[in-house]
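All chains are named by letter (A, B, ...) in the order of the sequence lines, taking the proteins before the strands, and each is independently numbered beginning at 1.
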Number of protein chains: 2
Amino acid sequence: MDIKIVDVANKAGVSPATVSRVLNGNSYVKSKTREKVNQAIADLGYHRNDVAKNLRSQKSMTIGVIVPDVNSSYFAEIIKGIENMAYSRKYRVIICDAENQKEKELEYLNLLMSRTVDGMILATPALPDEEIVRYSDKGYAIAVIGRHIEHAEIPCIYTDNVKFSKQVVDHLVGLGHRDIVFLSGYAEAVDSFERLEGYLKGLKEHQIPFRPELVENGNFNESGGYEAMKRLLDKKVKFTAVYAANDEMALGVYKACREAGIRIPEEIAVVGVDNNRISKYLTPTLSTVNQPKYAMGAVIAEKLIDQLNEDAFSDKRVFKVDSELIVRGSTDFRRGPAS
Amino acid sequence: MDIKIVDVANKAGVSPATVSRVLNGNSYVKSKTREKVNQAIADLGYHRNDVAKNLRSQKSMTIGVIVPDVNSSYFAEIIKGIENMAYSRKYRVIICDAENQKEKELEYLNLLMSRTVDGMILATPALPDEEIVRYSDKGYAIAVIGRHIEHAEIPCIYTDNVKFSKQVVDHLVGLGHRDIVFLSGYAEAVDSFERLEGYLKGLKEHQIPFRPELVENGNFNESGGYEAMKRLLDKKVKFTAVYAANDEMALGVYKACREAGIRIPEEIAVVGVDNNRISKYLTPTLSTVNQPKYAMGAVIAEKLIDQLNEDAFSDKRVFKVDSELIVRGSTDFRRGPAS
DNA sequence: GTTCATCTTGAAATCGATTTCAGTTTGAAT
DNA sequence: ATTCAAACTGAAATCGATTTCAAGATGAAC
C-alpha cells in the first residue's frame, strides 16, 4: 500500500540514490533530474519513511523531555520554550509526564534510552544525581533543568532557590512580620531543601529564631497546601505570614483561610513561588516569585542541540538564572512598625 | 560505542535471533539459554534500538496528537486522558502544539505522516474535513476530537455545542436577561459556528429578536475577549449579559469590566465555556459549561488504538458527549421579574 | 529402535531509507 | 584536440533489529 523510495525512483526513471539526494537537497543533482523526481513524488504522493531514515542516519531529530507535571503552568511554560527552540532547529519534542511519581521518572528515562531520541532534557526532582551521571557516562546526551550537576557533559539551568527565598523573607520582615510559616514541597525534591535553606538564612540574618513548628510539608500541590494550613491552624501556633514553596500550595492556603474566615493580607500575608498564571487572578492577587521559565526552556534546549551537533566548543555549560519577587495584593499590608 | 544485539549474542554464545526471542519473550527458548542471554544483557547494559525494531516491525507504538494549544487547561485535560489510556496500552504519545495557527496544523500533520506514528488524534479546528478525509483515505489511522466527520474509518468524539449553547441562553433568560452578547471564537473553527447557532436557537425559542451588534469576535483568547468587550462598551449598545464562547475570553471580559467599573453579576452577567481551572478562582467565580475532557481524551485514544490492532469489529465509532452548565457567581443575580 | 510431534536454534532475508565508491559526463582551460 | 576537475548518477553496503525457513535435538508413544 505504501509508496517507497524505489517506487518514486522507478516512476522517475532514476535510482533510489538520486531520489534520496533530491529529498535531502544536499549534493549534486541535475536540475532536470530533480524536476522529474519531484514530479514523481507529487504524482505518487510519496512521504519519506522517517523510521528508515533515522535508522540509517543514526539520529531521530527528536529530543525527549521528562517533567514532573505537564499541567502545572510552570512546566508548561518551560516546555513551550523548549519546543519553540527545538522547532526552529528542526527538532521535534516528546514530552513525558512523570505525574510527580519517582518510578515514572525512571520508567520514562529507560523508555527514552532506546535511541528514539537524540538527547533528553530532564526536570526530574526525584532522580538522584548519580543516576543521571551514570546515564550520561553511557553516552546519552542529557541536559538538566532545575538543579546543578557537576559533570562536564551535562548542561544545567537552574535558579538560585536560596537567594530568592531569602528575598521573600526580607520582604515579609520588611512588612513587620516575624512569625513566618514555611510550606515545603515533597522531601525528595532539591527545590524543597534549597528554599528551606533560604528561609532559614533569611531568618538568621534578621535574628529571628527558627521555630520548627512553623514548617509544614505540602507536597507542592493545592490539596497539600490546604491540609498543611489546616494543621497549622489547628496547632494554634502564632504566625502572621506564610511562605509557600510554590503557588499551587498557596492556592490551598487561600482556600483554608477562606474557610476559616481569615483575611489575606490583613491577618495573614501569603507569598508563593512560580508566578502561575492563576496567581494574578486570585483575590487578593498573590505575591510570588517569577522565574524566566520560557527562557530557561529555550536556553537549555539550545544548549543540548548545540551539543548534539557539536557546535559547542567547551562553551558555557551551567546557567544560574535570577528570579524576581513580584509584590501583589497578598502582602499589601504593613503590620506594626516597619523595621 | 553502542552495544548491539550481536554483541549480546556473542557474549552469550548464541545467535542474534535467539536474543531477539528472549527480548520479545514470545517463542520457544530453553530456560537455560534465556538465562545466559539475560545475563549478557545485564552485563553489557544493553538497550534495544527501537528505531531498528520499528523499521522491521512496521510500527512505532506511538500515536501523535495535534492540539491548538497545550497551555489551555481544556486541551491539557484531554491530553492527560489520551496519555494515560495510551500508556496503559503500551503506546507513547507525541504532542504537537499548533499554537492556534492553521499553517502549523498542516505542517505537523505532514510531519506525523512519515510513519513515525502508528496513528494520530487531531483536534484541529481549522483543518477542513476534506483534508482529514483525504489523509485517512491514503491509509493513515486518524481519530478526531471536537467535530463529527462522516467517514467509516474515522472515530470522532465531540460535544453538542448547539445544545449547551441553547442551555446557556435558557439560563440567562431565566434570570431575566434579554440583551445577551455572544462572544465568538475565531471564524475558521467549527465550534464558533455551532455555539453561535445554539445562541440563535435559544433566542428564537424565547422570541427574542437577534441583534447582530451584540455579536463580537474574540478569537478564543483572553486579549481577544478583552478587546471585544471594550468595543461593545464603546458602541454604547444596551446589554446585560455576555455569553463568551470560552473561558479565556470571559477572562478578558472580567478585565474590561473591572477597568470600566462594571460589577459582575449585578450589572452584567457572564458565562463561559470549558470550565478552565482558573474559572473557579475568579471573583466572582465564573459560570461555565463543563465538558468531560479527560474522558473524551481517554475514549478517543482507546478507539484509535483498538482500530490499530483491529480489535474493533465495526464497533461504535461516533461519540457525542453531553456537557453541563455549572452555575456560579457570575450569574448569581436575578434581574427584573423572572420569566 | 522407530516414528513423529514438539522444542530449540541459527542463517539469511527483510524493513526503507542513506551513503560510499566508483564510474560516466560535462565543460572550461590549455 | 586534449586534459582535468567538477558535476552527476547508480550499484551495493549499511543501519540494527525481527522473522521466516529449515534443520537439528528431544522425548514420548508404540
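Of the candidate nucleotides dT9(D), dT19(D), dG16(C), dT19(D) has the atom nearest to the side chain of Ser20(B). The side chain of Leu55(A) has dG16(C) as its nearest neighbour among dG16(C), dA17(C), dT9(D). Comparing atom distances between the Tyr28(A) side chain and each of dA7(D), dT18(C), dT18(D) picks out dA7(D) as nearest. Each of dG10(D), dT18(C), dG16(D) was ranked by its minimum atom distance to the side chain of Lys53(A); first place goes to dT18(C).
Distances shorter than 4.0 Å separate some side-chain N or O of Arg48(B) from OP1 or OP2 on dT18(D). At dT9(C), one or more side-chain N or O atoms of Thr33(B) fall inside 4.0 Å of OP1 or OP2 (strictly under the cut-off). In this structure, Asn24(B) reaches the dT18(D) phosphate: one of its side-chain N or O atoms is under 4.0 Å from OP1 or OP2. Distances shorter than 4.0 Å separate none of the side-chain N or O atoms of Tyr46(A) from OP1 or OP2 on dG16(C). For Ser57(B) and dT18(D), the shortest distance from a side-chain N or O to OP1 or OP2 is not below 4.0 Å. The phosphate of dG16(D) has OP1 or OP2 within less than 4.0 Å of a side-chain N or O from Gln58(A). OP1 and OP2 of dT9(D) both lie 4.0 Å or more from every side-chain N or O belonging to Thr18(A).
Evaluation of atom-type donor-acceptor distances gives no pair under 3.5 Å for the side chain of Arg56(A) against the base of dG16(D).
For the pair Lys32(A) NZ and dT25(C) P, the interatomic distance rounds to 16 Å; values are reported in whole Å. To the nearest angstrom, C1' of dG16(D) lies 14 Å from CG of Asn10(B). The CZ atom of Arg34(B) sits 9 Å away from the P atom of dT8(C) (whole-angstrom rounding). Ile3(A) places its CD1 atom 14 Å from the C1' atom of dG16(C), with the value rounded to the nearest Å. For Asn49(A) and dC15(D), the CG to P distance is 18 Å, given to the nearest whole Å. Protein atom CZ of Arg21(A) is 11 Å distant from nucleotide atom C1' of dA11(D), rounded to whole Å.
Closest-nucleotide positions on DNA chain D for His47(B) and Lys30(B) were compared, and the one nearer the 5' end corresponds to His47(B). Toward the 5' end of DNA chain C, the nearer of the two residues Val29(B) and Ala17(A), judged by each one's closest nucleotide, is Val29(B).
Crowding of Lys102(A) atom NZ: a count of heavy atoms from other residues, nucleotides or ligands under 6.0 Å not exceeding 12. Shown here is Lys80(A), whose NZ atom has more than 12 heavy atoms of other residues, nucleotides or ligands within 6.0 Å.
As judged by a 4.0 angstrom heavy-atom cut-off over every strand, Val14(B) is placed among residues touching the sugar-phosphate backbone only.
By the 4.0 Å N-to-carboxylate-O rule, Asp118(A) lies too far from Arg92(A) to be salt-bridged with it. For Arg134(B) and Glu131(B), the salt-bridge test passes: some basic side-chain N is under 4.0 Å from an acidic carboxylate O.
None of Ile157(A), Asp191(A), Leu127(A) except one satisfies the side-chain contact (heavy atoms from CB on, under 4.5 Å) rule with Arg147(A); the exception is Leu127(A).
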